[in-house]
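Given the structure is predicted, the values throughout are model-derived calculations rather than measurements.
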Amino acid sequence: MANSRSFSASTASTATATAAPLTSPGRGRLRAVAPDEVAQITDFLPPGATWLPAPQHTLPTLPGQPPMIGYLVLVPAGQEPVAAAAPEPEPVRASGGPVWIDPVQRAAQVDGRPLDLTYLEFELLAHLVAHPHRVHTRDQLVTTVWGYGHVGDGRTVDVHIARLRRKLGAEHRQTIQTVRRVGYKYAPPASR
C-alpha cells in the first residue's frame with residue numbers, strides 16, 4: 001500500500017528520540033499530545049502491524065479546537081494483541097450519600113432500594129455521583145454522557161434529570177440540585 005507506514009523499532013527510535021510515552025505507567029489511557037511532539041507508538045503495536053491515517057470525516061470534531069488526528073492500525077491475521085485485563089471498578093458511594101452505584105452490575109440503589117434506570121439515566125446518575133458537589137453544565141453532561149455525536153440541546157439533559165429525580169423519590173430528589181443558568185450537581189446530604 002502506498003499510503004501505509006510500517007513501524008520498526010529502528011525507524012521509530014530515530015523519529016522519536018525525545019517523545020514521551022503515550023500512556024501513563026500501568027494505565028491504558030491516552031493523553032493529549034503537544035502539536036510539535038512526536039508520540040512513540042511502537043511499544044503498542046504488535047510485530048508486523050501497519051498503520052494508516054484515518055479519514056478526517058471519521059474523527060470527532062470539537063468546536064473551537066483544532067482537528068483531531070487518528071490512525072487505523074492493521075494487524076496481520078492471527079496476531080491480534082491480547083487485551084490487558086482492566087481492574088474491576090469498585091461500587092461508588094459519594095460522600096456517604098444515599099445513592100449507591102455499582103458499575104460492574106450496572107445497578108443503582110437509593111437507601112438500599114434498587115432503581116430501575118434506562119442506560120442514559122444510569123450513565124448520568126453514575127457521572128453525577130462520581131463527582132459530588134461539582135457543577136456540570138448541560139453541554140458538559142451531553143458531551144460526557146451522550147458523547148460527541150449527540151444531536152440535541154440542553155433540554156435533553158433537563159428531561160433526564162427530571163426522570164432521575166422522580167425515580168429517586170420525594171425524599172432524595174433534592175440530592176440532584178439545579179444551578180440556575182449553569183447546570184446540575186449531585187449534593188448528598190451532609191449528615192445521615
Looking at Val157, Val179, Leu164, which hits side chain to side chain contact (heavy atoms under 4.5 Å, CB included) with Tyr184? Val157
Can you check side chain to side chain donor-acceptor pair (under 3.5 Å) on Arg165 and Thr178, steps first, answer last? CA-CA 11 Å; Arg165 286 176 173 159; Thr178 302; 2.8 Å; yes
Partners of Arg134 by side-chain hydrogen bond (donor to acceptor under 3.5 Å, both in side chains), sequence neighbours excluded? none
Over all heavy atoms of both residues, which pair between His172 and Thr175 is shortest? Give the atoms and the distance, please. O-OG1, 2.7 Å
Please tell me if the side chains of Asp158 and Arg155 come closer than 4.5 Å, counting only heavy atoms from C-beta onward. yes
Shortest non-hydrogen separation from Arg113 to Gly169 and the atoms involved: NH2-N, 4.2 Å
State, with a plain yes or no, whether a side-chain heavy atom of Thr156 is found less than 4.5 Å away from one of Val142. no
Check His136 against His131 and note the closest heavy-atom contact, atom names and distance. NE2-CB, 3.8 Å
Test side-chain contact (heavy atoms from CB on, under 4.5 Å) applied to Tyr186 and Val99, step by step: CA-CA 10 Å; Tyr186 174 76; Val99 178; 3.5 Å; yes
Kindly give the heavy-atom pair with the smallest separation between Gln109 and Pro114, and that separation in Å. CG-CA, 4.0 Å
To the nearest 0.5 angstrom, please state how far the CG atom of Leu168 sits from the CD1 atom of Ile176. 5.0 Å
Side chain proximity check, His133 to Pro188, heavy atoms < 4.5 angstrom: yes
If we ignore hydrogens and angles and just use 3.5 Å, is the side chain of Gln140 paired with the main-chain N or O of Thr137 as donor and acceptor? yes
If we ignore hydrogens and angles and just use 3.5 Å, is the side chain of Thr144 paired with the main-chain N or O of Leu141 as donor and acceptor? no
Would you give me the side-chain donor-acceptor pairs under 3.5 Å for residues 116-128, sequence neighbours excluded?
unit_1	atom_1	unit_2	atom_2	d
Thr118	OG1	Glu121	N	3.2
Thr118	OG1	Glu121	OE1	3.4
Glu121	OE1	Thr118	N	2.9
Glu121	OE1	Lys167	NZ	2.7
Glu123	OE2	Arg106	NH1	2.7
Glu123	OE2	Arg106	NH2	3.0

